[in-house]
Amino acid sequence: MTQELNYGDLVLVCGDIYLGTRSNGIPNKLKNLLQNKVQHLIFTGNSGDKDSIEWLKSIYPTIHQVRGQYDDDDIPENKFITIGTWKFFITHGHQIVPWGDEETLSIYMKEQDADIAIYGNLHEQKVSKLDKKYFLSPGSITGVYGGMNQNIRKPIRCISIQVNQQ
Amino acid sequence: MDDDQEKYLEDARKVVKEQAYFMRASLDKAQLKDALRYSSAMLSELRTSLLTPRNYYMLFMQVFDEMRILEGYFKEEYRRGRKMQDLYESVQHATYVIPRLYLLITVGSVFIQTHEIGAKVILADLIETIKSVQHPLRGLFIRYYFLKMCKDRLPDTGSEYEGEGGNIDDAIEVIIRNLTEMNKLWIRMQGSKEKSRRERERLDLKVTIGENITRLSNLEGVSLETYKSKVLPKIQEIVVSSKDVISQGYIIDCTIQAFPDEYHLNTLEELLRMCTTQLEPNVDIKNIFILLMNRLAAFALNNDMNNYNQEIDIYTMFKANIDKMLDSNNQIEFKNLLDLQVSFLDFTLKCYPNKSEYINSILKSCCRLCQKQNENDFTEECQKNIVKFLTLPLDTMSLSILTMDEYPNLMKYLPFQKKRQVAIKICQAVVNLHQVIHDYQITQELLRFIQPLLITEADYVDIPEQEFEEEQQLVARLVHLVSHQDLEQQNRILQSFIARFLKGDIQRQRYTLPASIFALFKLIHEIHFNNQELFSNQQLTKVTLFNQIKSLIELIQPNHPELALRLYLNFLLAINEVDQAQEFNEFTYDIGSGIISIFQDEIGDSNVKFTTIHTIMATFSKLTCIEAENYDTLASNATSQAAKLLKKHEQATGVLNATHMFYNEHQKIPQRVLECFKKALKIASSSIGQNPKLVYVYICILNKYFYFAQHIEVKEQDILEVVKTIQEKLPLALKDNDDQSKRIKIYWNNTVEYIRIKKKGGLFGFANINV
């Protein structure tokens, strides 16, 4: 019974908040929904005002954050992290030519054996797979203008990972 | 003097302790007569005139505790069959009045419990007898003792003493009489000399008076009706006839605190009339009002005020009385009147959340009040109150407060720092409530009120950098709340903001203009997808909007070239979205060239250069709004910039990534792609001698070959060359086994794995690769 209900660790993946520069605020309902529910937080970049980092920290105190093109220079460009047995490659993606291209992303992933790539920049929610590698884009949590996609939506992504499975 | 007091108190306490000890010993031996004698001696200490009221109180409490024991014994006696009547008589033999009366009260309390005689008879008798103690301090305490002893012996409704022993009226009568007497004595304590000391002493004892009111409020039988018809009028009588400032203020305060808010709502008129017309001039009526309004405001949060408003218009009642105070009484300090107004405003906001005319009316009286003052009267405290005045309504009324005519009138009484505070609170309220800004008039008002944040005027005061940043970011957020179904209106409002922003200096524009630029991008996007005809409107032509955006970015460029560059990149994409016809080909080309110039001249840091050139290349590769020739120029320029990067591996990989500009969903120029590969290989080969770790670049090149091999013709020979070079140089690169080596190793292993899989799948081109 408990085995079935155990979803493993919950990872929140989100990005491109642009607080202040392109959006006025994050909906309050999101905060209530997400607080104390996740064990990891991956943020693809472009926070905007400092308030957005505070908001993220209130969801979970440790953020795996990478630099968006409008972020400060002291944030890392890319990050490789491991959660359970899964290896992640995290990048904002504005500096990867071409944007959102799975093959190009998998070349970067080869450098550190990553299984899953998480990227932003396109403000588009997308999950794809290529040759046993997975690619995830959470889009923009505030649904701001700026991606390549015509539709402005506000998706966030929550992946659930069972720790011992490959 | 104080040392003497300490000594007196110590001595008295010692005696009490001693006599109490003997008293208890006698009780243990059932020697009542002796016990009474010792208790009498103990109680005699309360005859003292040496102690200050506060010290007398302490002594009293000690005696009180000891008397509990005696009381318990009396109860036992009754159970053993002794007649209470006899006891009642025998304690009256005590020599001195004070001990006699304390004992009498104690027995009386037990007597009542026997139900042998009606409660009211005994109570009446006791009250009569204690009348004889007229010394203010001692009289006060004996009546306090009486009150405490009668606590549960009153003929309250539903109590065991009701019926023959009396009813609620009798109970009320007893307490009221006691209160009346105690109050008289309390007032007499004032005397005529040493005013402030006496006042302090009186206040030390105020709880003894207050206990009467608490007792009244605890009576079950005091319903709303009873309170209204019997209790309040009697309290009123006591208050008014006392003509004593401390007394009046304190008793009213107690009454408001002790009884439920519903009772007050139903007797509001009498209460307010009493407060404003029947009290001594120095009584702090304002505090009473504030107390009352705060309680009612809290009450309103949990209860529907409409139930009460039907019969009595509470707001009008308060307003009439408060206005009277504002106009007539010059003695009340300006600051205190403001306190009152703030309380009233808070109360009105909570009880009448929808009545904006009430709010405006209160604002008006506040303005009238301020007008009467001199400049010097506006102290820090007063200013704080005015700020409160202006910001309290924001949470419930948000932007509509700005339409009240009196609002700006109040702002002018504030110095810059406080105006700024109000402006920030306004922005916060709007942002936190996610208020949509869609009214042109209100926007003008809003901009007027937040002016301290927008423009540096003569009275500006510097603030710390972080605060300034937060403030400007708050303003930026406002822009994104501008929204209107009619996009022309939306633009009109947006332009109001931009016009104001242009009047600020570059430190502000650094925050406000990017927000405006993105709002304009969004506007263009919305027109394009929802209502393209609007592009023909004079204010909304693409030319107008594009030129405006360009001029805004140009303002930022001198001080923040990096930011300007990024904005230009976004600009390219914005144009790209709406200009498939390539109408603005030259314009867009200029922007692109501008970007290259900024990159070349203004970006210094090599790491920043590396990521920036990639962002540029990625952006360029998405453009379809530029004619082929112009595109080729831009792309080639970007490629040459990549070739000029600081480090060799950066140059090589930069040029390698340039390939995507020449081959993607829109462009298909295989020749240029191969040129890039050639260049990359040249750079790599020229330097790999000095730096074996550059084999990393070769692995990148190899992977890129695989990428393009599916789309363009790549010579198998070239691929094999690269493989050969890697295999040759790899051992040297991995020799020192540092972090970089480890990465190269993983990279190469994964590439090998990739080749193996592709070979197995029989993919063209991989057949001859042997690793």
Side-chain angles (χ1 to χ4, degrees), chain A residues 18-29 46 48-52 67-74 76-78 80 87 91-104 106-114 121-122 131-133 142-152, chain B residues 430-432 434 469-470 472-481 511 514-515 518-519 521-522 525 529 563 566 569-570 573-574 577 605 607-608 610-612 614-615 617-619 621-622 657-661 664-665 696 699-700 703-704 706-707 743-744 746-751 753-754 757:
Chain A
Y18 283 113
L19 194 64
T21 45
R22 299 192 206 181
S23 88
N24 68 286
I26 306 171
N28 293 327
K29 288 185 201 159
N46 285 326
D49 293 355
K50 288 194 200 72
D51 279 355
S52 56
R67 195 184 79 86
Q69 76 269 45
Y70 282 91
D71 280 333
D72 293 329
D73 294 331
D74 52 1
E77 291 291 329
N78 306 319
F80 285 92
K87 294 205 182 114
T91 182
H92 178 255
H94 63 277
Q95 69 281 63
I96 292 187
V97 191
W99 290 337
D101 183 74
E102 284 90 348
E103 263 194 83
T104 314
S106 34
I107 299 175
Y108 280 86
M109 288 161 82
K110 289 196 177 92
E111 292 192 26
Q112 291 266 16
D113 283 340
N121 193 48
L122 294 182
D131 294 340
K132 289 195 190 160
K133 304 284 183 196
T142 40
V144 294
Y145 167 86
M148 296 304 301
N149 200 348
Q150 324 293 37
N151 297 319
I152 298 176
Chain B
V430 174
V431 166
N432 290 339
H434 296 273
E469 191 180 332
E470 282 170 6
Q472 294 305 309
Q473 282 170 344
L474 191 57
V475 172
R477 281 199 232 182
L478 283 179
V479 176
H480 304 294
L481 288 166
Y511 298 99
F518 274 99
F521 286 159
K522 194 162 149 210
H525 170 95
F529 283 99
L563 177 58
R566 293 175 199 147
L569 284 172
N570 277 106
L573 293 173
E577 205 179 26
D605 182 299
N607 290 329
V608 176
F610 185 70
T611 52
T612 309
H614 280 83
T615 317
M617 295 196 292
T619 310
S621 62
K622 294 290 179 190
N657 286 320
T659 48
H660 294 282
M661 285 191 290
N664 52 50
E665 59 221 310
Y696 167 80
I699 306 178
C700 289
N703 276 294
K704 214 48 117 181
F706 294 149
Y707 182 97
R743 275 180 82 128
I744 296 176
I746 300 175
Y747 193 19
W748 178 236
N749 287 341
N750 280 320
T751 311
E753 178 63 25
Y754 178 78
I757 294 172

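Residue numbers begin at 1 in each chain, while the letters A, B, ... track the order of the sequences.
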J.: Mind listing the closest non-hydrogen atom pair of Gln95(A) and Thr611(B) along with its distance?
T.: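 Closest pair (atom of Gln95(A), atom of Thr611(B), distance): CB-O, 4.1 Å.
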J.: Heavy-atom pairs under 4.5 Å with chain B: which of Asn24(A), Asp131(A), Asp51(A) has the most?
T.: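 It is Asn24(A).
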J.: Check Phe518(B) against Thr21(A) and note the closest heavy-atom contact, atom names and distance.
T.: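 So the two residues come closest at CB-O, 3.9 Å.
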J.: Is it the side chain or the backbone of Glu77(A) that comes within 4.5 Å of chain B heavy atoms, both, or neither?
T.: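 The answer is the side chain of Glu77(A).
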J.: Under 4.5 Å heavy-atom distance to chain A, tell me which part of Ala574(B) shows up: side chain, backbone, both or neither.
T.: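 Ala574(B) touches chain A through backbone and side-chain heavy atoms alike.
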J.: Looking at Tyr747(B), Tyr696(B), Trp748(B), which hits side-chain hydrogen bond (donor to acceptor under 3.5 Å, both in side chains) with Glu111(A)?
T.: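 It is Tyr696(B), the one option of Tyr747(B), Tyr696(B), Trp748(B) that forms the side-chain hydrogen bond (donor to acceptor under 3.5 Å, both in side chains) with Glu111(A).
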J.: Which bit of Asn664(B) is near chain A, if near means a heavy-atom gap under 4.5 Å: side chain, backbone, both or neither?
T.: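 It is neither, since no heavy atom gets under 4.5 Å.
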J.: I'd like to verify something: which residue of Asn570(B), Asn657(B), Ile744(B), Thr659(B) has the highest number of heavy-atom pairs under 4.5 Å with chain A?
T.: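 Top option by heavy-atom pairs under 4.5 Å: Asn570(B).
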J.: Return the option, out of Val479(B), Leu481(B), Leu474(B), with the maximum number of heavy-atom pairs under 4.5 Å with chain A.
T.: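 Heavy-atom pairs under 4.5 Å are most numerous for Leu481(B).
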J.: Between Tyr145(A) and Glu577(B), does the side chain to side chain contact (heavy atoms under 4.5 Å, CB included) criterion hold? Intermediate values first, please.
T.: CA-CA 12 Å; Tyr145(A) 167 86; Glu577(B) 205 179 26; 3.9 Å; yes
J.: Taking the side chain as every heavy atom from C-beta outward, state whether His480(B) and Leu19(A) have any pair of such atoms under 4.5 Å apart.
T.: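 With C-beta onward as the side chain, the pair stays apart.
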J.: Are Leu569(B) and His94(A) close enough that some pair of their side-chain heavy atoms sits under 4.5 Å apart?
T.: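 In short, these two side chains do not touch, never coming nearer than 4.5 Å.
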J.: For Thr619(B), is it the side chain, the backbone, both, or neither that has a heavy atom closer than 4.5 Å to a heavy atom of chain A?
T.: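 Both parts, heavy atoms under 4.5 Å.
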J.: Has His434(B) got a side-chain atom pairing as donor or acceptor with Gly25(A)'s backbone, closer than 3.5 angstrom?
T.: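 Absent.
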J.: Is any side-chain heavy atom of Ile96(A) closer than 4.5 Å to a side-chain heavy atom of His614(B)?
T.: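 Not in contact.
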J.: Within the 4.5 Å heavy-atom criterion, are Asp73(A) and Val608(B) side-chain neighbours or not?
T.: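 With C-beta onward as the side chain, the pair touches.
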J.: With a 4.0 Å cut-off on N to O distance, would you call Arg743(B) and Asp113(A) a salt bridge?
T.: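 A salt bridge is absent here (no side-chain N lies under 4.0 Å from a carboxylate O).
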J.: Go through Lys622(B) and Trp99(A) one step at a time and tell me if the side chain to side chain contact (heavy atoms under 4.5 Å, CB included) criterion holds.
T.: CA-CA 9 Å; Lys622(B) 294 290 179 190; Trp99(A) 290 337; 3.9 Å; yes
J.: Looking only at heavy atoms, what is the nearest atom pair of Asp71(A) and Arg566(B), with distance?
T.: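 What the structure gives for the nearest pair is O-NH2, 4.5 Å.
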J.: Any heavy-atom pair between the side chains of Tyr707(B) and Asp101(A) that's under 4.5 Å?
T.: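 They are in contact (side-chain heavy atoms under 4.5 Å apart), so the answer is yes.
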J.: For the residue pair Val97(A) and Lys704(B), what are the closest heavy atoms and their distance?
T.: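 For Val97(A) and Lys704(B), the tightest heavy-atom pair comes out as O-NZ, 4.2 Å.
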J.: What distance do Asn703(B) atom CG and Thr104(A) atom OG1 have between them, rounded to the nearest 0.5 Å?
T.: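 Answer rounded to 0.5 Å: 10.0 Å.
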J.: Considering non-hydrogen atoms only, spot the tightest contact between Ala515(B) and Gly20(A) and give its length.
T.: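 Closest pair (atom of Ala515(B), atom of Gly20(A), distance): CB-O, 3.7 Å.
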J.: Using non-hydrogen atoms and a 4.5 Å limit, figure out which bit of Tyr70(A) sits close to chain B: side chain, backbone, both or neither.
T.: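 Contact with chain B is through both the backbone and side chain of Tyr70(A).
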J.: Could you walk me through whether Lys50(A) and Glu469(B) pass the salt bridge (charged side-chain N to carboxylate O under 4.0 Å, His left out) test, one step at a time?
T.: CA-CA 10 Å; Lys50(A) 288 194 200 72; Glu469(B) 191 180 332; 3.3 Å; yes
J.: Please lay out, stage by stage, how Phe706(B) and Ile107(A) fare under the test side chain to side chain contact (heavy atoms under 4.5 Å, CB included).
T.: CA-CA 10 Å; Phe706(B) 294 149; Ile107(A) 299 175; over 6 Å; no
J.: Under 4.5 Å between any side-chain heavy atoms of Lys110(A) and Glu753(B), yes or no?
T.: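 Answer no - side chains too far apart.
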